[in-house]
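Just so you know, ligand 1 is whichever comes first in the structure, and atom 1 is the first atom listed for that ligand. If you're wondering where the values come from, they're calculated on a predicted model, not measured in any experiment.
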Amino acid sequence: MMKTVFSPLHAGHSGQMELVAGEIVPGFEKPSRAEIIKARVETEKLGPILPPESHDVALAKRVHRADYIDFLPTVWERWEAAGKTGSAIPFTWPTRGLRGDVAPRTIEALLGFYSFDGGASFVKGTWDAIKSSHDVGLTAAHLVKAGERAAFALCRPPGHHAGAAFMGGYCFINNAAVAAQWFRDQGAARVTVLDVDYHHGNGTQEIFYDRADVQVINLHGDPMTEYPFFLGHADERGAGPGEGFNHNYPMPFGTAWDAWSASLDDACEKLAAYSPDVVVVSLGVDTFEKDPISHFKLKSADYPKIGRRIAKLNLPTLFVMEGGYAVDEIGVNAVGVLTGFEGR
Ligand code: OKP
Ligand code: ZN
């Protein structure tokens, strides 16, 4: 039986708007995603569903910049105090040629200072959801540390696009990175983050890029044509002491199981050679053929095969929920990975 950790507080992050193809629309990253996965955990009898314990965000500051983590809980009150309504969406960024080293003062400016796109927006309940997602990840990590073979952190909002000092792509705190760091702090010599979400986990890569103690492996849509566009190429192999410990598998639109699973096999060989004490899987199921914002062609029957391949590594494994936007099938696909891992 695999334990799942889930918090109802995710639901306060609701109604946030998103700019897609020239129109402001309701965010794809919506509460029903987590609720449908939770319902599938129940009907599949994966195992007990536990609430998170509260953990100090000091742990998040081990991978994020302290000023960024201190900023997140203040966003909504500052937005309201400035007389603004709607969703707090970043809109101006310190890109090439501008100063990225000076934090300005107004909430509008700070939202841009602490983000790389307009995809992570706030409403009233967003901070409580972010904190609950962080707590869900760490509580599930504790279960694995305590001897569970695997645990499922049903995180929402997701985390893998969030870097040391920026949010973006629906992500605020990098739940998988925080958990990986926590395992290190608890005595794990080496940790691998295996990111199977359709989108490149640019935040996770950035956080661990110059480190040898956390291996980061990403399978994703080729950034030449897919979001987040500006990271995720095959030649990004790590820097300094981290050289050789970052592995990217960019794949073209239309990639289906045969090619995708060949990348997974190669990734698992590199992972096994690294011989980590624990694996953190950034579990996105937006590789699904019917995902509304993605372009891979995995089928529902493929997800248990992902779980079986990861189980063959025979390592303690923390599954951390990331993306997946085909809500009708998100439960079947996400829980399919987990039941596949359990050998059923
Ligand atoms: C978050 B995760 C869609 C543009 C992309 C952001 C996608 C964030 C995905 N037309 N918008 O990796 O699933
Ligand atoms: Zn994704």
| remark: Of Glu29, Glu322, His220, His160, the residue with the heavy atom nearest atom 12 (O) of ligand 1 is His160
| message | Under 6.0 Å from the ring centre and within 45 degrees of the ring axis: does the NZ or CZ of Arg156 meet both conditions for the six-membered ring of Phe6? | response | no
| said: Distance check below 2.8 Å: does Asp197 bring an N, O or S atom to the Zn ion (ligand 2)? | reply: yes
| request: Tell me, please, if His199 has any N/O/S atom, main chain or side chain, under 2.8 Å from the Zn ion (ligand 2)? | output: yes
| query | Do we see a donor-acceptor contact under 3.5 Å between the side chains of Thr126 and His13? | reply | yes
| field | Nearest protein heavy atom with distance in Å, relative to atom 10 (N) of ligand 1 | value | Val20 CG1, 4.1 Å
| message | Students often mix this up, so state it plainly: with edges at 30° and 60°, are the rings of Tyr198 and His295 parallel, tilted or perpendicular? | response | tilted
| message | Please find the pair of heavy atoms, one from Met167 and one from Tyr68, that lie closest to each other, and give the distance. | response | CB-OH, 3.1 Å
| said: Could you report the tightest heavy-atom contact between His161 and His200, atom names first, then the distance? | reply: CE1-O, 3.1 Å
| task | Answer yes or no: is there a side-chain heavy-atom contact under 4.5 Å between Tyr249 and Lys270? | result | yes
| request: Could you tell me whether Asp117 and ligand 1 have an N or O pair separated by under 3.5 Å? | output: no
| field | Contact check: Tyr325 vs ligand 1, nitrogen or oxygen atoms, below 3.5 angstrom | value | yes
Could you tell me, atom by atom, which parts of ligand 1 come under 4.0 Å of a heavy atom of [X]?
X      : value
Asp197 : 2 (B), 12 (O), 13 (O)
Asp286 : 13 (O)
His161 : 1 (C), 2 (B), 9 (C), 12 (O)

| If you check every N/O/S atom of Asp286, which is the one nearest the Zn ion (ligand 2)? | OD2
| field | Positive for ring-ring contact (aromatic ring centres under 6.0 Å, His included) with Phe71, one of Phe122, Phe113, Tyr114, Trp127 | value | Tyr114
| Distance flag for atom 4 (C) of ligand 1, protein heavy atom under 4.0 Å | no
| query | So among Leu338, Asn333, Leu298, which one has a side-chain contact (heavy atoms from CB on, under 4.5 Å) with Ile306? | reply | Leu298
